Amino acid sequence: MIQTGMREECGVFGIHHHHDAANMAFYGLHALQHRGQEACGIMAGEQGEYDIHKGPGLVHQVFTDNILQKLKGSIAIGHVRYSVTGGTHSHNIQPFIFNYRNKTFGLCHNGNIVNYRELKRDLEEHGSIFHSSSDSELIAHMMSRDVYDNPITSLKRVLVELVGAFAFIIMVNDELYAVRDKNGLRPLSIGKLDDSYVVASETCALDAVGATFIRDVEPGEIVRIHRYGISSDYFSEERTESLCTMEYIYFARPDSDMGGVNAHEFRKLSGKKLAQEHPVDADIVMGIPDSSLSAAIGYAEESHIPYEVGLIKNKYIGRTFIEPSKHLRDRAVLLKLAAIRKVVKGKRLVLIDDSIVRGTTLKRITRLLQDAGAKEIHVRIASPQITHPCFYGVDISNFAELVMAHTSKEALRDFYGVESLEFMSLDSLAQCTPNRHLCTGCFTGEYLTETFTRLEEASAQR
Ligand code: 5GP
Ligand code: SF4
Ligand code: MG
């Protein structure tokens, strides 16, 4: 497995020219909480004065009214962090602050830089000292090495060197810069709230602060938000539109739109396609809360089999509660989910899940339903088989962990002890967004060419 720096699937938020900027960032981050529960932070300020607060935990745990009141200024950026490597080291919590040519930069970042190691090695050879293992610090060092006074010129020079998936928000000189990688792998949207501009990983965060969606940041674009409005620039000539399919399938909140496509509608359509492709005779259709519910509704609608609520999720169990002990983690599914015995008992179930990664969650859920007296379980997965790791910052890290990389469908069906197990095909997936090209690397092993070349180079150097 080639390690490519920190793997992150996070949420970023920025607001410009608002009298209550830090509070708005708080609400925005709260709406993005599903993208990261490990740590969060907000930086606010104006005219060269900045305050920052960050720490481990959920947004409402890290920020009290008192703390928010101290974060003054009309510009704010914020971050929620989900990290899988090395736990939460306080050095890795964002926003990052760094100084560059007598200016203070704040930076929030979502994604993964594939050529992180090479770039970091180059910088270290030229005397840079790293305090964290975060991609964001790499950007900070690359920026500060630059000799130009204009942040746009520096940004362009830095961004063109980065290979991978990223969405950044940078705060400097009373301005915000919002950037998306040239393939648009990670989402980033712009909204307007009275005279203020808002940028966020997902449109649900724009809605949370009452902002109106304007447009997505384009792949390879640098959007500059300043006191007179917004302006736009591009750092790359070669731009494609390849949003991560997993955003639609699992990551994004159902009320978020990406590239004009709503996540709930995408999932519902995927459920319909799944019903057409893999029909089955059954009594009820149910989804695994929360991410599979939309697909289950679609399957039920298409198959004319009644939709039922057979599993209940305890909404008050956070990840932080579950993480610390292994014993608790093993029981996590039982703490999180309960079967409604009266619904399930004696029934033939179609059980919809959005995806299978390691394969362990579904084992526990099928056992739960079997214990509750299900007569038959037909598992339908609303995504194709995930057979390859993701190099773009998503927690699908290596072949060994991916059950469908080394297990047959039949063997997995037997392991679950279910009557049938089927996945959506790549063709059906493509029909869910007919007008959009999406990244499907983890289903096909076909990554964007440049990524692959860089990975091979990195591998050869080891
Ligand atoms: P696993 O198969 O790894 O035991 O669990 C997969 C389930 O966990 C999926 O149904 C999805 O709801 C959830 N999940 C958690 N993290 C991720 C992720 O990074 N990618 C995907 N595809 N699903 C995830
Ligand atoms: Fe998303 Fe899969 Fe592409 Fe990674 S490889 S960016 S998880 S679609
Ligand atoms: Mg799930």
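Ligands are counted one by one from 1 in listed order, and the atoms in each one are counted from 1 as well. Treat the numbers as computed from the prediction; the structure is a model and nothing was measured.
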Can you list the ligand 1 atoms lying under 4.0 Å from a non-hydrogen atom of [X]?
{"X": "S291", "value": "12 (O)"}
{"X": "T361", "value": "1 (P), 4 (O), 5 (O)"}
{"X": "R358", "value": "1 (P), 2 (O), 3 (O)"}
{"X": "D353", "value": "10 (O)"}
{"X": "D354", "value": "9 (C), 10 (O), 11 (C), 12 (O)"}

### Query
Does the ring center of F399 lie less than 6.0 Å from the ring center of H388?
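Between H388 and F399, which both carry aromatic rings, the centre distance is below 6.0 Å.
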
### Message
Is the distance between the ring centroids of F166 and F168 under 6.0 Å?
### Response
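Aromatic pair counts; centres sit under 6.0 Å.
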
With the threshold set at 4.0 Å, does a side-chain nitrogen-carboxylate oxygen contact exist between [X] and [Y]?
{"X": "K120", "Y": "E137", "answer": "no"}
{"X": "E202", "Y": "R35", "answer": "yes"}
{"X": "E124", "Y": "R117", "answer": "no"}
{"X": "K313", "Y": "D290", "answer": "yes"}

### Message
Counting backbone and side-chain atoms alike, is an N, O or S atom of C244 positioned under 2.8 Å from atom 1 (Fe) of ligand 2?
### Response
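Of the N, O and S atoms in C244, at least one lies under 2.8 Å from atom 1 (Fe) of ligand 2, which means yes.
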
### Task
Would you mind listing which atoms of ligand 2 come within a distance below 4.0 Å of any non-hydrogen atom of T245?
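Result: 8 (S).
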
### Residue C439, metal atom 2 (Fe) of ligand 2, N/O/S under 2.8 Å
no

### Query
Do any pairs count as a salt bridge (charged side-chain N to carboxylate O under 4.0 Å, His left out) and have a residue in residues 258-274, sequence neighbours left out, and if so which ones?
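For residues 258-274, and leaving out neighbouring residues, the salt bridge (charged side-chain N to carboxylate O under 4.0 Å, His left out) pairs sorted by first residue read K268-E301, K272-E301.
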
### Query
Among A382, S355, G359, which residue places a heavy atom closest to atom 9 (C) of ligand 1?
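Going through A382, S355, G359 one by one, S355 has the nearest heavy atom to atom 9 (C) of ligand 1.
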
### Query
Nearest non-hydrogen atom to atom 4 (Fe) of ligand 2 belongs to which of C442, S242, C390?
C390

### Task
Please determine if F251 has a nitrogen or oxygen closer than 3.5 Å to a nitrogen or oxygen of ligand 1.
no

### Query
What pairs with E308 under side-chain contact (heavy atoms from CB on, under 4.5 Å), at least two apart in sequence or on another chain?
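Only I284, V343 meet the side-chain contact (heavy atoms from CB on, under 4.5 Å) criterion with E308.
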
### Contact with ligand 1 for I356, non-hydrogen, under 4.0 angstrom
yes

